[in-house]
Amino acid sequence: MLSEKLEKALNDQVRIEAESSQVYLSMASWAEGKGLEGIAQFMYNQSDEERLHMLKLVKYINERGGHANVSALNAPKTDFVSFQKMFHELLEHEIFVSDSINELVHVTLQEKDYATHNFLQWYVAEQIEEEALARNILDKINLIGNDKGGLYLFDRDIQQITANSAAITPKP
Ligand code: OFO
């Protein structure tokens, strides 16, 4: 049985994962509108992954005798100015999520809930991967600079990154 404090902290994370899914969906839509097909596909994929992260938490909370809440979400922004800025925001967002997962892990130790501590290790590992991927993409973007041909290749490359990450990401 989850403690009240931990149940609330897990539910906060449910909301954060759901909001992450909306943020990436909004990024996907923005990129699609700009004709950046590869980037849009990458963001749609990220959005789907975040929804799976949310579902995994929902099921865990209910399995442990708690009640997973489906709550109202903050609306993401709709304009991202440039794809470079958008990927910077993606990294910042992932760092924010990693911090919140760390806080959550801290609560499991305070509450001496080692089963939930164990369950959350999947999220810890996932965040390391997602931050690394975002940094990797930003390195590529810095290499391109303002070169139009480079952007074309980047948009094509990122489709490959999407396909590879779908193949290696362990399913929640
Ligand atoms: Fe939910 O994995 Fe990143 O944010």
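Just so you know, ligand 1 is whichever comes first in the structure, and atom 1 is the first atom listed for that ligand. Just so you know, these numbers use all the heavy atoms, side chains as well, and skip hydrogens, waters and symmetry mates.
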* To do: Carefully, step by step, assess Gln46 and Met27 under the rule side-chain contact (heavy atoms from CB on, under 4.5 Å).
  => CA-CA 10 Å; Gln46 292 298 111; Met27 288 180 176; over 6 Å; no

* Applying ring pair (Phe, Tyr, Trp, His ring centres under 6.0 Å), name anything that partners Phe96, two or more places apart in sequence or on another chain. => His93

* Asked: Does a salt bridge link Lys85 with Glu89, judged by any charged N lying under 4.0 Å from a carboxylate O?
  -> no

* Asked: With a cut-off of 2.8 Å, which protein N/O/S atoms are close to atom 1 (Fe) of ligand 1, if we only count those under it?
  -> Glu17 OE1, Glu50 OE1, His53 ND1

* To do: Any ring-ring contact (aromatic ring centres under 6.0 Å, His included) involving residues 99-120? Give me the pairs, sequence neighbours left out, ordered by first then second residue.
  => Tyr60-Phe119, Phe119-Tyr123

* To do: Pick, from His93, Glu94, Arg51, the option with the minimum heavy-atom distance to atom 4 (O) of ligand 1.
  => Glu94

* Closest contact, heavy atoms only, Glu17 versus Ile101 -> OE2-CD1, 4.2 Å

May I have the list of side-chain donor-acceptor pairs in residues 135-144 shorter than 3.5 Å, sequence neighbours left out?
from	atom 1	to	atom 2	distance (Å)
Arg135	NH1	Glu131	OE1	3.2
Arg135	NH2	Glu131	OE1	3.3
Asn142	ND2	Leu138	O	3.4

